[in-house]
Protein chains: 2
Amino acid sequence: MFSKTFGYALRATVYVAVHGRIDKKVGLQDISEGLGIPHYFLGKIMQDLVRHGILDSTKGPSGGFFPNEHTADIPLTNILKITDGNLVFDQCALGIKRCNAEHPCPLHDDFAACQMK
Amino acid sequence: MFSKTFGYALRATVYVAVHGRIDKKVGLQDISEGLGIPHYFLGKIMQDLVRHGILDSTKGPSGGFFPNEHTADIPLTNILKITDGNLVFDQCALGIKRCNAEHPCPLHDDFAACQMK
DNA sequence: CAATAAAAAGAGTTAAAACTCTTTAATTAT
DNA sequence: ATAATTAAAGAGTTTTAACTCTTTTTATTG
Ligand code: FES
Ligand code: FES
């Protein structure tokens, strides 16, 4: 459906948004245990989220991740773009090259309802 | 979204349903060229479809694939199960273990509309 | 200003999906 | 019956996603 990475990223973002504040940072260990996501792998994903401004972080003791002013308003699709690229959006559900309302594939209508653009 | 294999399987099935009859079989070469799907890979997928009774086939000269009495009525989800397993159905969009109406994840409602069960 | 604690960065390995090639079995036509 | 043709089966390789480990950087705290 979507990549596992996307699921991890989204859940971690929500986790940090719920449990963290600027004065109450959430550690990687905490997140990975709380959500059952492989520790090191989640580390990589968090780097990406911070790089793209979805969350903020600080290093050092009592450092960790915390939401910023944007976090609550970020569209899901932004995170999806970060983790899965935007092929999900450009492509039809079946990966057919040129599909649109004029040249629809057999599934075009069924899936139009599920497309997020 | 879905595996490429699913897209190939579905398109090939439609192709055979449209172009083939019991007295007018469609060759693998024909399908793979017509749809732009890697020849050998499609062969493997077709084997699976025939094994599961989605299509029929015969070997030998002027052999090939052709629709059977079920082909037209097969639900899409059957093909999806063959190619992608039924994890797509059991699992929530994010792969969270225990998600249901009682314990919904943040996306549960958004995605419920897209689930095919 | 050390010592320590945390994320960032770099450089991998492992597992799964996508794809290829070769051989075998079945069918048809000569 | 033999040769030709086509799918089935078996056994790979390649590519991508998932995951791990080690080193470096940055901040905190005693
Ligand atoms: S070609 Fe796939 S949704 Fe239209
Ligand atoms: S837990 Fe994912 S849709 Fe509900």
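Just so we're on the same page: letters track the sequence lines, and every chain starts at 1.
Note that CG of A:Leu10 and CG of A:Asn78 are 11.5 Å apart. Values are rounded to the nearest 0.5 Å. Atom-to-atom distance recorded for B:Phe65:CZ and B:Lys25:NZ is 12.0 Å, nearest 0.5 angstrom. Between atom CD1 of residue B:Ile45 and atom CG of residue B:Leu49 there is a gap of 7.5 Å, rounded to the nearest 0.5 Å. In this structure, A:Ile54 CD1 and A:His70 NE2 are separated by 9.5 Å, a value rounded to the nearest 0.5 Å. Put simply, CD on B:Glu33 and CG on B:Leu28 are 10.0 Å apart, with the number rounded to the nearest 0.5 Å. Atoms CZ and CG, from B:Arg11 and B:Leu35 in turn, are 5.0 Å apart once rounded to the nearest 0.5 Å.
Under the 4.5 Å side-chain heavy-atom criterion for ILVMFWY residues, no single connected hydrophobic cluster contains both A:Tyr40 and A:Val26.
Rounded to whole Å, the distance from CG on A:Asp84 to P on D:dT16 is 15 Å. Between A:Leu28 atom CG and C:dA5 atom C1' the separation is 13 Å, expressed in whole Å.
Proximity of a side-chain donor or acceptor of A:Arg21 to a complementary backbone N or O of A:Phe66 within less than 3.5 Å is not detected. Formation of a donor-acceptor pair under 3.5 Å by the A:Ser3 side chain with backbone atoms of A:Phe6 is found in this model.
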Scan nucleotides 17-20 of chain D against the protein and return all N/O pairs shorter than 3.5 Å with their distances rounded to 0.1 Å.
unit_1 : atom_1 : unit_2 : atom_2 : d
D:dA18 : OP1    : A:Lys4 : N      : 3.0
D:dA18 : OP2    : A:Thr5 : OG1    : 3.0
D:dC19 : OP2    : A:Tyr8 : OH     : 3.1

Nucleotides 1-3 of chain D: which of its N/O atoms have a protein N/O under 3.5 Å away?
none

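Contact annotation for A:Gly43: no contact, since no heavy-atom pair falls under 4.0 Å across all strands. Residue B:Gly60 is in base contact, counting any heavy-atom pair closer than 4.0 Å across all strands shown.
Within residues 45-59 of chain B, the residues approaching DNA chain D are B:Gln47, B:Val50, B:Arg51, B:Ser57, B:Thr58, B:Lys59, by heavy-atom distance under 4.0 Å.
In this structure the side chain of B:Ile37 never reaches within 4.5 angstrom of the side chain of B:Ile31, judged on heavy atoms.
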